[in-house]
Amino acid sequence: MLRAVGESIVTSRLQFLTALEHLVFDVDTYGVVKERDHLHKILERELWVFGEEFNMMRSSEIGLTRMLEHHRRAVGWDPTPDGPVRAVDGGTRRVDLMLSAESHEHDRVRHLVIELKAPSVDADRDQANQVDDYMQAVLKEPRFANVE
């Protein structure tokens with residue numbers, strides 16, 4: 001029975017990956033599949049794609065300040081920040097998905113920030129700058145440290 005369950009999970013996941021590949025790469029779906037309406041909703045329910053360790057702890061469509069609250073709660077601190085977290089340019093930002101996992105080998109909470117794009121959007125310098133902007137906001141913010 002246990003083997004059959006494991007095989008059905010593997011089979012189901014392989015079928016999901018095949019379907020996702022068709023959604024993202026098929027000419028027939030180019031321009032039809034959207035980030036928020038399709039990919040975001042699909043991947044939000046299949047977080048194992050990003051690693052089994054991220055399968056349970058997630059936040060979706062949150063700003064940098066809520067991201068800090070989530071981080072502080074995950075490491076066991078008072079989650080209430082003493083002010084908003086701003087991007088390097090002083091503005092606010094929203095991340096598509098933030099996944100968290102406890103890393104037992106290093107006693108840390110790891111976060112994975114995912115920025116989704118529709119298949120018709122090219123991964124260019126603007127997209128890389130958007131991800132870099134999130135990273136810089138977190139790196140410059142001492143309240144994201146894992147020690148207090």
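Separating the CZ atom in Arg13 from the OG1 atom in Thr18 is a distance of 14.0 Å, to the nearest 0.5 Å. Atom OH of Tyr134 and atom CG of Asn129 lie 12.0 Å apart (nearest 0.5 Å). Between Glu69 atom CD and Leu64 atom CG the span is 11.5 Å, to the nearest 0.5 Å. Rounded to the nearest 0.5 Å, atoms CG (Asp133) and CE (Met135) are 10.0 Å apart. From Leu99, atom CG reaches atom CD1 of Ile114 across 4.0 Å, with rounding to the nearest 0.5 Å.
In terms of heavy-atom proximity, Arg94 sits nearest to Glu115 at O-OE1, 4.3 Å. When every heavy atom of Pro119 is checked against every heavy atom of Val33, the shortest pair comes out as CD-O, 3.5 Å.
Follow the hydrophobic side-chain contacts under 4.5 Å out from Val131 and you never reach Met67; the two are in separate clusters. Val88 and Leu68 are not part of a single hydrophobic cluster, where members link through side-chain heavy atoms under 4.5 Å apart.
Ion pairing between a basic and an acidic side chain is recognised when a charged N comes within 4.0 Å of a carboxylate O; Arg72 and Asp78 show no such pairing. A salt bridge links Arg36 to Glu61: at least one charged side-chain nitrogen sits closer than 4.0 Å to a carboxylate oxygen.
Between Val121 and Gln127, some side-chain heavy-atom pair lies under the 4.5 Å cut-off. Annotation: side chain of Leu23 is in contact with side chain of Ile42 (closest heavy-atom distance under 4.5 Å). Side-chain contact between Val24 and Leu20: present, with at least one pair of heavy atoms (C-beta onward) separated by less than 4.5 Å.
Between the side chain of Asp122 and the backbone N or O of Asp124 there is no donor-acceptor pair closer than 3.5 Å. The closest donor-acceptor contact from the side chain of Thr29 to the backbone of His22 lies under 3.5 Å.
The local environment of CZ in Arg93 is crowded, with over 12 non-hydrogen atoms from other residues, nucleotides or ligands closer than 6.0 Å.
For the residue pair Ser60 and His40, a side-chain donor N or O sits within less than 3.5 Å of a side-chain acceptor on the partner.
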